[in-house]
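A note on names: the letters A, B, ... follow the listed sequences, proteins ahead of strands, and every chain is numbered from 1. All values reported here derive from a predicted model rather than from experimental measurement.
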Amino acid sequence: MQGGSSGIGYGLKYQARCISDVKADTDHTSFLTGTLSLREENEVHLIRLSSGGTELICEGLFSHPNEIWDLASCPFDQRIFSTVFSTGESYGAAIWQIPELYGQLNSPQLERIASLDAHARKINCVLWWPSGRHDKLISIDDENLFLWTLDCSKKTAQVQSKQSSGMLHYLSGGAWDPHDINAVATTCESSVQFWDLRTMKKTNAVERAHIRNANYDMKNNHILVTAEDESGIHIWDLRKPKSPVKELPGHTHWTWAVSCNPEYDGLILSAGTDSTVNLWLAPTSAEEEATSESIAEPPAQRADPLLNSYSDYEDSVYGLAWSSREPWMFASLSYDGRVVVESVRPFLSRR
Amino acid sequence: METLSSANLVTARVAVDSVPDFINGGPVKVPCFNQPWKRVPQLESEEVHLIELRRRRKKMKEQKMGAEDNVPLDDKARRMRDLLSSFYAPDPSTNNAPSNPGTLDAINTSSFDADQYMNLLMQKSNLDELLQRHVEMAAEIKNIDTDLQMLVYENYSKFISATDAIKRMKSKIVGMEANMEELLDKIMSVQSKSDGVNTSLFEKRENIEKLHRTRNLLRKVQFIYDLPTRLGKCIESEAYVDAVKFYTGALPIFKAYGDSSFQDCKQASEEAISIIVKNLQRKLFSDSESIQARAEAAVLLKQLDFPVDSLQVKLLEKLEQSLGDLQLKTDYIENASMESNDHKLGKVPDSVHITAHEGSIHGFVEAISAFRVIFPDSEGHLIKLAQDLVVKHFETVEQCVKGRISCANLLVVLRTIWTDVLLVDEVLSEAVLPGFSLEAAQNALKQYVASTFNYLLHDISDALLRVNVSSKEAAEENPLQVALEASKKALLQGSMDVLLDFRQLLDDDLGLLVQLRDFVSDWVQEGFQDFFRALYDCFFLLSGRKSSSSQDQGLTAGAHGEKVLAGLVLVLSQLSVFIEQTAIPRITEEIAASFPGGGARGYENGPAFVPGVMCRIFRSAGERLLHHYINMRTQKVSTLLRKRFTTPNWVKHKEPREVHMFVDLFLQELKETASEVKQILPQGLERKHRRTDSNGSTASSRSNQLRDDKTNRSNTHRARSQLLETHLAKLFKQKVEIFTKVEHTQESVVTTTVKLCLKSLQEFVRLQTFNRSGFQQIQLDIQFLRTPLKETVEDEAAVDFLLDEVIVAASERCLDPIPLEPPILDRLIQAKLAKWNEKNPITP
């Protein structure tokens with residue numbers, strides 16, 4: 001690890017792509033991760049950072065019927081999470097609940113609350129509203145956007161509304177605006193589209209090719225960060241969708257995921273297929289914007305936005321999650337199934 | 001009195017005569033005790049004698065003393081007068097105050113001590129001197145006694161004569177009173193008679209005065225009646241001064257009586273005056289008249305209460321019109337440029353235009369000086385006019401500057417302007433035209449510098465954009481190389497030309513420019529700084545990085561447009577390197593040589609042109625553009641791969657029959673890249689198998705030895721193509737550095753492109769799920785790629801590793817990963833190779 005960083009490792013048995021912060025767990029810093037193995041039995045791991053913050057403890061290990069392509073923890077109930085899975089030929093999505101007595105059982109079964117089984121195409125992701133208790137869910141497949149009403153007590157999920165993204169727009173993912181319960185962004189091949197969930201109409205679009213991942217800034221309204229395959233990271237002010245507010249170089253190869261820190265303004269993590277995780281500092285306040293416009297400024301005046309590059313990974317890093325309980329901690333997951341929890345504290349002081 | 005004094009004198013003479021035996025023959029000899037060597041001054045010895053005399057005065061009391069007879073009379077009289085005046089002097093003590101009683105001078109003071117004096121004398125003098133002194137003193141004493149006597153006598157005689165005079169006056173004053181009374185009577189009678197004469201003459205005198213007044217009046221009336229004819233005469237003889245004087249003299253009368261008695265006369269003279277006014281106006285406006293005459297005319301007109309202001313305005317308008325003639329026309333400048341060209345060609349310049357301009361400016365200057373004489377209070381207007389002229393001149397200059405004027409022409413124009421300014425300044429120094437035009441010239445030159453750099457920028461971007469045109473024509477073999485060379489030349493040559501031009505500005509000894517030298521130096525440096533900044537911006541604009549629209553355009557405009565743009569980016573990158581390594585040092589050198597830093601810019605701002613910063617900027621620009629180029633290339637491949645991997649249903653893939661055509665497209669892309677790169681980038685050093693330039697992203701901690709062993713082993717193992725072994729090999733194999741630092745060499749760029757593309761391939765594979773046939777298809781495609789890729793690429797090991805990785809990824813994502821049998825694999829590859837060679841006979 002570069003600079004003697006204090007990364008805490010945890011190994012999964014198989015390859016994995018997704019990791020999620022358990023936001024509802026206010027007592028511990030926990031993450032959920034699921035494996036991606038086509039031919040083996042897949043597992044969901046509940047990992048908890050020990051109280052000393054020195055090691056990662058497996059709090060729960062649950063078998064999952066299929067390989068997991070997407071996993072999201074429920075922001076208001078730590079035992080509930082959603083997965084998107086694939087059998088190789090078909091796709092499915094479900095809401096799961098961790099059984100109450102999992103501490104005693106060796107390999108307990110997850111309790112399936114609901115199946116989001118209205119999809120006909122390849123499902124990409126399931127979104128929870130990130131800011132609190134909300135009984136709606138969004139699931140996105142290649143062509144459609146579904147809004148579900150979830151009732152945990154009755155264990156049902158019903159399609160409330162559905163919207164096709166339109167011809168030739170293959171959706172690849174999405175993000176739910178934490179500031180606006182009715183706004184959601186979806187990424188497709190050539191643009192980011194914005195939807196109003198009340199009318200299920202497109203409200204806006206940012207024309208940009210090859211967007212892999214999008215993430216709303218938790219602190220600043222209207223700010224969206226996108227990761228693109230070749231062109232790095234762009235920060236958008238949604239009121240000015242024509243051109244990005246800021247541009248970060250991203251990774252040597254594709255930039256796969258971006259995540260804005262829930263607490264510290266302008267702190268952005270990105271994970272890439274060049275086996276690195278980069279920590280950026282890119283405040284989007286007005287005066288910063290002005291200086292970023294003129295590219296010919298002497299380099300001394302423009303601080304390098306890259307705070308650190310974590311490069312102790314063997315394979316591409318696909319999973320990335322900030323801890324909402326300890327916002328200076330983040331978990332990253334490389335394809336070889338290695339979870340690394342890392343603190344960005346040393347870099348906060350530089351701000 | 002006379003008898004008295006003469007008798008006295010006679011007695012004195014007798015007395016003197018009796019003395020000498022006693023004084024001269026005296027046997028007294030005083031020895032010189034103290035200082036026999038020192039001669040006592042004459043004066044001192046005289047004094048000593050005097051003292052001696054005074055001491056002996058008592059002994060000689062009975063003897064009569066008198067003045068020496070050989071003393072002249074007037075001298076004696078003067079002495080008498082002095083004595084008298086000293087006697088009557090207000091304060092006789094003042095004379096003696098300063099003298100010291102201790103010296104021999106003290107003899108005349110009131111504090112004289114005879115004993116002391118004697119002692120002193122005895123000490124200082126020898127016997128001879130003492131004797132001499134004695135004689136002298138005796139003489140003096142005699143003199144003094146005589147004087148005293150004289151005084152007494154004189155006083156007495158004066159008193160007697162005064163008494164006589166009073167007696168005489170008393171007798172004469174007695175008969176005077178009667179005469180006086182007689183005189184009074186006579187004076188009284190004279191007075192009464194003169195009064196009578198006066199009263200009798202009074203009436204007549206009044207009459208005469210009245211008559212005289214009437215005569216004056218009549219003369220005036222006559223004058224007024226004569227006025228018209230007189231004015232006429234004046235007009236004939238052009239004696240306008242007199243005419244105006246007459247008329248203004250008559251004006252009060254006309255005003256008082258013009259309506260009644262002198263109506264005709266008034267009308268007539270007014271007519272005459274109007275003629276005069278007209279004549280005067282004509283005179284004023286005619287340029288042929290002398291300036292004095294015109295000024296006179298203006299003064300006269302003013303005296304006639306003619307509205308001179310309107311005249312002034314008219315004349316000013318006329319001047320303004322002439323100003324219009326003066327304005328430098330653009331064609332004038334063109335002519336000037338032609339002339340300068342002619343001059344260069346050795347012909348005699350046709351200076352018609354210049355002389356024409358000179359003529360008009362001289363006219364203008366004369367007009368101004370005339371105007372100043374005519375209307376002394378018109379300075380304000382004239383200053384404005386002159387400044388207008390300068391402003392117009394500089395407007396023309398600005399137009400010229402906009403129209404890309406050469407430096408020589410600019411100099412010609414500036415020189416003309418400066419001559420004009422100096423000429424006008426001679427007659428109108430109040431306008432401060434030199435200062436004014438200096439300011440204007442400062443602006444103009446600044447603009448000139450800015451626009452020159454602007455044009456240079458345009459030239460370069462034109463040279464760059466020619467890439468698009470020429471590659472469309474496809475006539476040239478190496479459009480990129482041509483563009484690069486052209487733009488390099490445009491940059492360096494252009495910069496040098498610009499510097500030469502500015503050098504000309506500096507070297508010129510024109511007064512206007514000499515004062516601006518420091519500024520010009522600074523502007524040039526600033527200009528270069530800004531120019532490179534602008535160039536930097538321009539590069540990124542051209543490369544399309546700054547505007548998202550151009551990138552989208554690139555995607556939609558099809559492969560051709562994209563390709564051209566990519567090539568351009570490569571050219572830009574290489575040009576940045578050129579600027580950093582060659583152009584900036586050259587220009588810095590040139591600037592240092594010919595533009596010694598102007599002092600006009602404050603030191604706190606630092607030097608205007610900072611080559612270090614610029615070099616840094618362009619170095620980073622070169623790298624960024626190179627990365628951008630690679631990005632653009634890999635993006636194209638990515639699109640290709642994306643289509644390849646998202647389109648088919650891999651789970652239901654059919655058995656592989658041949659190598660998929662995306663491989664051809666991929667290799668085609670690489671070939672294009674390689675050809676572009678070959679045109680522009682230099683060949684790198686032979687550096688196969690060298691992998692030390694890691695950027696740290698996948699840095700290894702193991703030793704090189706170990707890594708090479710592992711790589712070799714993996715190479716041998718690879719042939720077997722067994723999945724498990726590959727997997728195991730990967731576990732033990734040292735991770736190959738995939739992402740190394742890109743350099744400005746052909747190999748480095750191509751290798752990086754290939755690596756990035758293969759990594760993308762791996763990522764695309766990881767996103768899919770394959771059935772056995774799908775996996776086998778991938779295996780086949782990758783196996784085919786190995787040979788051609790290794791030929792193009794510098795870092796074989798990394799490429800091998802990445803190709804293996806793709807197969808591993810595919811097997812991981814395969815439901816039933818059973819690889820193709822090697823014989824079938826070989827056969828399919830051979831078939832493809834045969835086809836490939838058929839299509840591209842040259843390429844192996």
Side-chain angles (χ1 to χ4, degrees), chain A residues 2 14-15 17 36-39 67 69 86-90 122 142 170 172 189-191 206-210 212 228-232 234 242-244 247 249-254 256 272-276 278 293-300 309-316 318 335-336, chain B residues 529-530 532-537 540 545-549 551-552 555-556 610 613-614 616-617 620-621 624 627-628 630-632 634-635 638-639 642 646 649 651-652 695-699 735 738-740 742 752 755-756 759-760 762-763 766-767 769-771 805 809 812-817:
Chain A
Q2 267 189 350
Y14 308 114
Q15 290 169 336
R17 276 182 181 270
L36 180 85
S37 172
L38 202 54
R39 300 182 295 268
E67 56 169 4
W69 282 89
S86 158
T87 61
E89 286 170 57
S90 64
K122 177 190 166 193
D142 271 356
Y170 289 103
S172 59
E189 269 180 11
S190 59
S191 65
V206 168
E207 298 296 327
R208 193 83 198 172
H210 308 312
R212 238 339 121 188
E228 286 145 48
D229 282 358
E230 271 97 357
S231 349
H234 288 93
K242 288 273 178 253
S243 59
E247 207 171 312
H251 291 259
T252 319
H253 195 236
W254 297 352
W256 193 273
T273 49
D274 58 349
S275 314
T276 55
N278 287 347
E293 287 297 310
S294 54
I295 51 169
E297 266 179 279
S309 185
Y310 303 92
S311 55
D312 190 26
Y313 300 93
E314 294 290 318
D315 210 330
S316 306
Y318 298 122
Y335 192 57
D336 54 3
Chain B
Q529 184 90 347
D530 292 345
F532 280 118
R533 288 244 157 102
L535 195 63
Y536 179 81
D537 287 344
F540 279 95
R545 268 204 78 160
K546 273 318 249 183
S547 59
S548 53
S549 61
Q551 204 162 31
D552 290 348
L555 283 173
T556 50
V610 193
V613 171
M614 283 298 132
R616 216 163 41 232
I617 287 177
S620 81
R624 280 176 67 182
H627 276 291
H628 186 50
I630 293 171
N631 255 348
M632 290 173 87
T634 49
Q635 248 170 27
S638 274
T639 347
R642 189 188 305 273
T646 49
N649 188 345
V651 183
K652 291 171 182 161
N695 65 354
S697 69
T698 56
K735 207 166 77 179
I738 305 166
F739 307 110
T740 52
V742 187
T752 311
K755 280 182 192 168
L756 287 175
K759 181 69 185 168
S760 302
Q762 179 198 11
E763 292 297 335
R766 278 183 181 177
L767 284 172
T769 311
F770 303 94
N771 63 2
E805 281 285 283
E812 278 167 0
R813 295 303 309 157
C814 180
L815 294 164
D816 183 16

Heaviest contributor of heavy-atom pairs below 4.5 Å to chain A, chosen from B/I630, B/T769, B/D816, B/N771, is B/T769
So, the part of A/S90 with a heavy atom under 4.5 Å from chain B: the answer is neither
Between A/T87 and B/L815 the two heavy atoms that sit nearest each other are O-CD2, 4.3 Å
- [ ] Taking atom types as modelled, find out whether A/Y318 and B/E763 have a side-chain donor-acceptor pair closer than 3.5 angstrom.
- [x] yes
When the 4.5 angstrom heavy-atom criterion is applied to B/L535 and chain A, the contacting part is neither
- Could you tell me whether the side chain of A/E67 reaches within less than 4.5 Å of the side chain of B/R813, counting heavy atoms only? yes
Applying a strict 4.5 Å limit to non-hydrogen atoms, the region of A/Y335 in contact with chain B is side chain
Distance col, row A/E189:CD vs B/T646:OG1, nearest 0.5 angstrom, shows 6.0 Å
One should read off an interatomic distance between A/D315 CG and B/R766 CZ, to the nearest 0.5 angstrom, of 4.0 Å
Practice task
Spell out, as yes or no, whether a donor-acceptor pair under 3.5 Å connects the side chain of B/K759 to the backbone of A/D274.
Solution key: no
Cut-off 4.5 Å, heavy atoms of chain A, and the answer for B/R642 is side chain
So, the part of B/S760 with a heavy atom under 4.5 Å from chain A: the answer is both
Could you check whether any side-chain N or O of A/R39 sits under 3.5 Å from a backbone N or O of B/C814, counting only pairs where one atom can act as donor and the other as acceptor? yes
Closest non-hydrogen contact found for A/W69 with B/L767 is CH2-O, 3.7 Å
